[in-house]
Visitor: 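Okay, handing you the structure first.
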Amino acid sequence: MENRRVRVRFAPSPTGPLHMGGVRTALYNYLFAQKHGGDFILRIEDTDQTRFVPGAEQYIIESLKWCGIEPNEGVGFGDGPHAPYRQSERKHMYRQYAEQLIDSGNAYYAFDTAEELEEMRKRLEAAGSKSPSYNAITRQNMKNSLTLPEDEVKKRLAAGDPYVIRMKIPRNEEIRFEDIIRGWVVVNTSEMDDKVLFKSDGMPTYHLANVVDDYLMQISHVIRGEEWLPSAPLHVLLYRSFGWENVMPKFAHLPLLLKPDGNGKLSKRDGDRLGFPVFPIEWQDPNSKEISSGYREKGYFPDAFINMLALLGWNPGNNQEIMSLEEMISLFSLERVSKSGAKFDPEKTKWFNQQYLRKRSPEELAEIWLPELEAKGIKKERTYINEVCRLLQEKAHFIHEFWSLGKYFFEAPTSYDEDVIKKRWNEKSAPFFVSLAQAFSALKDFTATEIENCFKATCDKQGIKTGEVMQLLRVCVTGVGGGPAIFELIALIGKEEIISRIYTAISKFS
RNA sequence: GGCCUGUUCGUCUAGGGGUUAGGACGCAUCCCUUUCACGGAUGAAACACGGGUUCGAUUCCCGUACAGGCUACCA
């Protein structure tokens, strides 16, 4: 049991787009599995038919693929020995386990209607109960197979009366388990209620399906969000009731992702309000048609996104922050996951993207940028675009900034930085630029060093300090006051075009 | 309300009975670049509070406060 094969799962329900917190949960599962040479399974928990959202499952699969954290077993990633991996397709498997629990005295049939349950809650509240629930005490006053005569139960079942199966939580017992991240957690069963395990629609609830599937799929570690911590004791009890204690997975409950400002967990609303995506890829709600932005569409690199996410609640113990997936795998451990929730920081996310942008080769960047250029009708040799990318990559956080940062690589400026012109352009400027243009046209090798030498020589000849005209030159050829190394830029754009741009500027400002 | 979990710079975090409490993002100043960015340097900035335990607690224990999660025939 101690040396059992590591098998973990990510088990979302397809009720909407996958939130970045969910992506992080998937990531930690993936890292853990890879680290230990184990399996990572994607299981779709669609036991609630009323909350099914078309497209959500496909969205989850596509998101994981984009992030590069692919399960090696499960829905959308190839069937393994435990197929199917969609709980709706496993429906027929659960009833027998619920019945097994009834036979062993750990569960019972309950026939109460929604109205009767509501009535019970009201009654208990009126009587001053702090937490009105269906439990060891209150179940005695309800309609279930513990209170009804045996033949009435049989009659009701035979008649097809709607029923649920509830867990019979024992009285006053301490349930304890050791969470890898949080240590020992102890809960008394008197705080727990008789949770529904099997619904009247013939589907299991999360609790039953989750435990049964984890058992059947031989899951060794359950790594999930902190919101599951309160129900973990129920799951432990379930393993015990089934007699599966010796193969019960180890638990690790991850801290939550919190909103950047104020308090509370990160929600879709925060993204809208503060202007950042909370989803890995774009999602369109099938009903409202409302679109939620995604990191992919916003121009984030998947590895930058994943790197940022990995460090939100985990750190490798050294000061390294930029890590490839491979490095994360080798460094990862659940013991180094922090206990407290982490506020998401959109600014740092941009920084991560910048780091990855700078690490990319100009060729890779060009490849990504190309469609945008083509859409703009730009036709340039690939080597030229590569060079533009090389010059621009130090200046940007995102590829989509390239165009506004460097469109002058493709077309002459149409506007000029007025502040620079106003400050620097004087009666000596026009003659200087005329002689500079002439000197440029005489150059045989139009290279950065030759251009620089030529520029300095012209300054000397005209008795002008380089500082007086350097930025003017930049504005003349690019229209803007800042940018990449000026002489490299000029060399790249090319002699003829540069000379023409200089003459245009002279006529404009004189 | 009840139960569970948590609390180190504004944020992500390292650390851990004796430290100048370290790093990163962001911010500020300076250097580099006659630009912008990058890079470099410097700076402001934290152990929630109160009791214990101890020679000594930010670190261990207990309370309090605050925060979050859960409290469905949702997951």
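Naming: A, B, ... by sequence-line order, numbering from 1 per chain.
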Visitor: Are A/K428 and A/F432 in a cation-pi setup, meaning NZ or CZ lies under 6.0 angstrom from the ring centre and within 45 degrees of the ring axis?
Guide: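 Negative - A/K428 is either too far from the ring of A/F432 or too far off its axis.
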Visitor: Below 4.5 Å, heavy atoms only, C-beta onward: do A/T205 and A/N210 meet side chain to side chain?
Guide: no
Visitor: Round to a whole Å and report the spacing from CG of A/L309 to P of B/U13.
Guide: 12 Å
Visitor: Treat primed atoms plus P, OP1 and OP2 as sugar-phosphate and everything else as base, then score nucleotides 65-75 of chain B 5' to 3': B for base contact with protein heavy atoms under 4.0 Å, S for sugar-phosphate contact only, - for none.
Guide: --SSSS--BBB
Visitor: Report yes or no: do A/E321 and A/Q355 form a side-chain donor-acceptor pair below 3.5 Å?
Guide: no
Visitor: Could you tell me which non-hydrogen atom of A/D214 sits nearest to which non-hydrogen atom of A/R9, and how far apart they are?
Guide: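 The answer is OD1-NE, 2.8 Å.
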Visitor: Report yes or no: do A/S361 and A/E364 form a side-chain donor-acceptor pair below 3.5 Å?
Guide: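 Judged by distance alone, the side chains do pair up.
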Visitor: B/U8 P sits how many Å from A/K343 NZ, rounded?
Guide: 10 Å
Visitor: Kindly assign one of parallel, tilted or perpendicular to the pair A/F177 and A/F251, based on the angle between their ring planes and the thresholds 30° and 60°.
Guide: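 Aromatic pair A/F177/A/F251 classed perpendicular.
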Visitor: Between A/E173 and A/R240, does any NZ, NE, NH1 or NH2 come within less than 4.0 Å of an OD or OE carboxylate oxygen?
Guide: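 Yes, A/R240 and A/E173 are salt-bridged.
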Visitor: To the nearest Å, how far apart are A/I175 CD1 and B/C4 C1'?
Guide: 15 Å
Visitor: Identify the nucleotide, in any strand shown, that forms a Watson-Crick or G-U wobble pair with B/U19, with both distances under 3.5 Å; if there is none, say none.
Guide: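 Pair assignment: B/U19 / none.
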Visitor: Applying the Watson-Crick and G-U wobble criteria at under 3.5 Å, what pairs with B/U53? Answer none if nothing qualifies.
Guide: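 Because no pair has both required distances under 3.5 Å, B/U53 counts as unpaired.
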Visitor: When rounded to the nearest Å, what value does the distance between P atoms of B/C49 and B/U7 take?
Guide: 14 Å
Visitor: Which whole-number value in Å describes the distance from A/N135 CG to B/G2 P?
Guide: 17 Å
Visitor: Could you check whether A/S338 gets within reach of a base, just the sugar-phosphate, or nothing at all, counting any heavy atom under 4.0 Å?
Guide: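 Sugar-phosphate contact only - A/S338 comes under 4.0 Å of backbone atoms but never of a base.
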Visitor: Just compare B/U5, B/C25, B/U35 and give me whichever is closest to any side-chain atom of A/Q471.
Guide: B/U35
Visitor: Polar atoms only, N or O, under 3.5 Å: list the protein pairs with nucleotides 37-47 of chain B and their distances.
Guide:
from  : atom 1 : to     : atom 2 : distance (Å)
B/A37 : O2'    : A/E394 : O      : 2.6
B/A37 : N3     : A/K395 : NZ     : 3.2
B/C38 : O3'    : A/R358 : NH1    : 3.0
B/C38 : O2'    : A/R358 : NH1    : 2.8
B/C38 : O2'    : A/R358 : NH2    : 2.4

Visitor: Return the 5'-most residue of the pair A/E321, A/L312 with respect to RNA chain B, ranking by each residue's nearest nucleotide.
Guide: A/L312
Visitor: Considering Watson-Crick and G-U wobble pairs with both distances under 3.5 Å, what does B/U42 pair with?
Guide: B/A28
Visitor: Taking the P atom of each, how far is B/C31 from B/A67, in whole Å?
Guide: 46 Å
Visitor: Looking only at atom C1', what distance separates B/U13 and B/G69, rounded to whole Å?
Guide: 22 Å
Visitor: Now, which nucleotide makes the Watson-Crick or G-U wobble pair with B/C47, with each of the two distances under 3.5 Å?
Guide: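 Looking at the geometry, B/C47 pairs with no nucleotide.
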Visitor: In whole Å, measure the gap between the P atoms of B/U20 and B/U33 for me.
Guide: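 One P to the other, the span is 38 Å.
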Visitor: Rounded to whole Å, how long is the line connecting atom CG of A/D419 with atom P of B/U35?
Guide: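 The answer, rounded to whole Å, is 17 Å.
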Visitor: Mind checking the C1' distance from B/A45 to B/U29? Whole angstroms is fine.
Guide: 15 Å
Visitor: Taking NZ from A/K339 and P from B/U13, how many angstroms apart are they, rounded to a whole number?
Guide: 13 Å
Visitor: Counting Watson-Crick and G-U wobble pairs only, both distances under 3.5 Å, name the nucleotide matched with B/U35, or none.
Guide: none
Visitor: Could you work out the separation of B/C70 and B/G63 based on their C1' atoms and round it to a whole Å?
Guide: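 Rounded to whole Å, the distance is 24 Å.
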Visitor: Mind checking the P distance from B/G22 to B/G15? Whole angstroms is fine.
Guide: 14 Å
Visitor: Looking at B/U13, I'd like to know if its phosphate oxygens (OP1 or OP2) sit under 4.0 Å from a side-chain N or O belonging to A/N315.
Guide: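 Looking at the OP1 and OP2 atoms of B/U13, neither is under 4.0 Å from any side-chain N or O of A/N315.
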Visitor: Go nucleotide by nucleotide along RNA chain B from the 5' end; which of A/K348 and A/R336 gets its closest nucleotide reached first?
Guide: A/R336
Visitor: Write down the distance separating the C1' atoms in B/U58 and B/C9, rounded off to the nearest Å.
Guide: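 Comparing C1' positions in B/U58 and B/C9 gives a spacing of 14 Å.
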Visitor: A/Y134 and side chain to side chain donor-acceptor pair (under 3.5 Å): which single residue from A/D193, A/D194, A/D112 fits?
Guide: A/D112
Visitor: Any Lys/Arg nitrogen of A/R86 or A/E57 sitting under 4.0 Å from an Asp/Glu carboxylate oxygen of the other?
Guide: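 Salt bridge flag = yes for A/E57 with A/R86.
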Visitor: Please report, rounded to the nearest Å, how far the C1' atom of B/C36 is from the CE atom of A/M470.
Guide: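 These atoms are roughly 13 Å apart.
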Visitor: Whole Å only: how far is the CE atom of A/M192 from the C1' atom of B/C3?
Guide: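 Whole-Å distance recorded here is 11 Å.
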Visitor: Regarding A/R224, tell me which of base, sugar-phosphate or nothing describes its non-hydrogen contacts under 4.0 Å with the strands shown.
Guide: nothing
Visitor: Does the Lys NZ or Arg CZ of A/R166 fall within the cation-pi geometry relative to A/Y108 - under 6.0 Å from the ring centre and within 45° of the axis?
Guide: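 Pair A/R166/A/Y108 does not count as cation-pi.
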Visitor: For B/G68, give its Watson-Crick or G-U wobble partner with both distances under 3.5 Å, or none.
Guide: B/C4
Visitor: Relative to each other, are the rings of A/W369 and A/F410 parallel, tilted or perpendicular (30° and 60° limits)?
Guide: perpendicular
